[in-house]
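In what follows, a structure is listed as structure tokens, so that the remarks can point back to it.
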Amino acid sequence: MTEWGHADWVPVAQFHRALDLRLLTRRLAERGIDHRVSREGDVQVLWISADGPVDEVTELVRALAMQLPAREPLAADPLSQLRRAPVTALFLLLSVLGAALVHWQFSWVHWFTFQDFAFMAPRDLRLGTFADAWAAGQYWRLLTPMFLHFGVFHIAFNGLWLWEFGRRIEAGVGSGHLLMLILVTGATANWGQYYFEGPSLFGGMSGVLYALLGYLWIRHWLAPQPALALPRGIIVFMLVWLLLCLSGIVDLFMRGSIANAAHVSGLLVGMALGALFGLVARQRRG
């Protein structure tokens with residue numbers, strides 16, 4: 001709670017500094033709702049008086065979330081965008097390096113898979129177990145499969161959605177928060193794929209991407225924040241794509257198979273984290 005003049009004020013919503021809030025403040029003024037906007041670093045905070053209609057303002061924020069324009073074109077300066085999303089940029093780079101490793105230096109790939117493997121003959125692949133790798137102190141294997149990408153479509157698809165989801169989270173809740181989400185959900189998705197499908201060669205960021213999708217979807221639903229808002233079409237597309245993958249149709253057009261267990265594990269864990277942090281954020285606002 002803070003004080004301007006003689007009134008007490010409470011925060012009801014946060015926005016990235018790049019968003020233009022004039023549409024929102026105009027609607028609030030039209031309804032006669034007294035409000036203020038303050039800036040705290042990269043965040044704009046919307047305040048209303050302590051006795052103001054919090055529920056009404058929250059609903060208005062939810063309704064206008066996708067209509068708030070940016071103050072400046074986000075695509076005008078790619079380097080500036082990368083500086084604003086350093087964790088997203090880092091994991092994009094690591095994914096590209098992983099794809100390059102698979103393509104040009106496959107003999108090293110066995111060091112980065114969830115369990116070790118070796119070719120005993122051209123068509124005789126021997127897979128180890130994660131228990132053996134863990135006992136040998138190869139703890140990095142819990143995370144490194146997410147950097148491996150098998151083909152141009154694989155890295156292009158995952159890179160696009162990592163950029164779309166990752167920078168929203170960095171803008172809305174910070175780089176450290178995104179790093180935590182990627183590490184936790186990456187390990188969970190990899191373990192889920194191994195546990196439910198058994199030893200196999202799998203890789204890619206898609207388990208993490210579905211986790212970030214679930215996080216954004218549920219957190220914004222519980223505690224609306226424009227920086228975290230996803231267009232409904234993106235959510236529908238990703239869920240339909242997941243169902244197509246689960247049906248086995250997509251496998252017919254690929255050399256390998258889809259890591260469906262990683263996708264589902266990531267989505268569920270991401271939704272759970274979105275619910276946790278969304279409820280915390282809503283309680284803080286209340």
Side-chain angles (χ1 to χ4, degrees), residues 85 87-88 90-92 94-95 98-99 112-115 130 139-151 153-170 172-173 175-222 228 230-231 234-248 250-251 254 256-278:
V87 171
T88 303
L90 172 63
F91 280 88
L92 274 172
L94 292 174
S95 296
F112 301 94
T113 48
F114 199 75
Q115 72 284 306
F130 182 73
Y139 310 125
W140 65 84
R141 292 184 184 274
L142 198 59
L143 293 170
T144 50
M146 64 182 172
F147 303 126
L148 301 175
H149 287 81
F150 304 93
F153 176 79
H154 196 197
I155 183 61
F157 184 88
N158 285 356
L160 169 67
W161 294 115
L162 176 60
W163 177 247
E164 180 67 30
F165 300 154
R167 62 176 179 156
R168 288 175 184 270
I169 294 174
E170 286 200 77
V173 292
S175 298
H177 197 86
L178 175 62
L179 178 61
M180 177 276 294
L181 289 174
I182 291 177
L183 295 180
V184 170
T185 61
T188 303
N190 287 335
W191 176 255
Q193 178 63 28
Y194 179 82
Y195 181 82
F196 289 105
E197 300 292 339
S200 63
L201 294 186
F202 62 87
M205 288 287 294
S206 50
V208 171
L209 298 180
Y210 271 100
L212 299 184
L213 171 74
Y215 175 88
L216 287 165
W217 177 20
I218 301 302
R219 171 156 180 166
H220 179 68
W221 176 59
L222 290 173
L228 302 179
L230 281 176
I234 289 179
I235 298 173
V236 172
F237 170 79
M238 293 297 287
L239 294 179
V240 169
W241 179 256
L242 177 61
L243 292 175
L244 287 174
C245 291
L246 288 170
S247 73
V250 178
D251 289 344
M254 300 182 62
S257 59
I258 299 294
N260 290 312
H263 294 178
V264 175
S265 299
L267 179 63
L268 294 177
V269 173
M271 292 173 70
L273 290 171
L276 172 63
F277 287 103

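Worth knowing before you read on, the calculation uses all heavy atoms, side chains too, and leaves out hydrogens, waters and symmetry mates. No experiment lies behind these values; they were computed from the predicted model shown.
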Which heavy atom of Ser95 sits nearest a heavy atom of Met205, and at what distance? OG-CG, 3.4 Å
Nearest-0.5 Å distance, CG of residue Leu201 to CG of residue Leu148: 9.5 Å
I need the Phe91 CZ to Ile182 CD1 distance, nearest 0.5 Å. 4.5 Å
Below 3.5 Å, can you tabulate the donor-acceptor pairs from side chains in residues 262-278 to any protein atom, sequence neighbours excluded?
from   : atom 1 : to     : atom 2 : distance (Å)
His263 : NE2    : Ser206 : OG     : 2.8
Ser265 : OG     : Ala261 : O      : 2.7

Measuring only between side-chain heavy atoms, which start at C-beta, is Val173 closer than 4.5 Å to Leu178? no
What do the steps show when you test Met238 against Trp217 for side-chain contact (heavy atoms from CB on, under 4.5 Å), and what is the final call? CA-CA 11 Å; Met238 293 297 287; Trp217 177 20; over 6 Å; no
Inter-residue atom distance Phe157.CZ - Phe153.CZ, 0.5 Å rounding: 5.5 Å
Glu170 side chain to Val87 main-chain N or O, any donor-acceptor pair under 3.5 Å? yes
Quick one: CG on Asn158 to CG on Leu209, what's the gap to the nearest 0.5 Å? 5.0 Å
To the nearest 0.5 Å, what is the distance between CG on Leu92 and CZ on Phe147? 11.0 Å
His220 side chain vs Ile218 backbone, donor-acceptor pair below 3.5 Å: no
Determine whether Phe165 and Ile234 satisfy the following criterion, side-chain contact (heavy atoms from CB on, under 4.5 Å), listing intermediate values before the conclusion. CA-CA 10 Å; Phe165 300 154; Ile234 289 179; 3.9 Å; yes
Specify the closest pair of heavy atoms between Leu228 and Leu216, including all atoms of both residues, with the distance to one decimal. O-CD2, 3.6 Å
What's the shortest heavy-atom distance between Met146 and His149, and which atoms? O-CE1, 3.3 Å
Considering non-hydrogen atoms only, spot the tightest contact between Asn190 and Leu143 and give its length. ND2-O, 3.6 Å
Heavy atoms only: give me the nearest Gln193-Asn260 pair and the separation to one decimal. OE1-N, 3.8 Å
Give me the atom names and distance for the closest heavy-atom approach of His154 to Gly203. CE1-O, 3.3 Å
If only atom types and distance count, is the side chain of Arg141 paired as donor or acceptor with the main-chain N or O of Thr113 below 3.5 Å? yes
Rounding to 0.5 Å, atoms OG1 (Thr88) and CD (Glu164) come to a distance of 10.5 Å
More than 12 heavy atoms of other residues, nucleotides or ligands under 6.0 Å from CH2 of Trp221: is that the case? no
Classify the ring geometry of Trp241 against Phe237: parallel below 30°, tilted from 30° to 60°, perpendicular beyond 60°. parallel
Would a distance-only check, ignoring hydrogens and angles, find a side-chain to backbone donor-acceptor pair under 3.5 Å from Tyr194 to Phe114? no
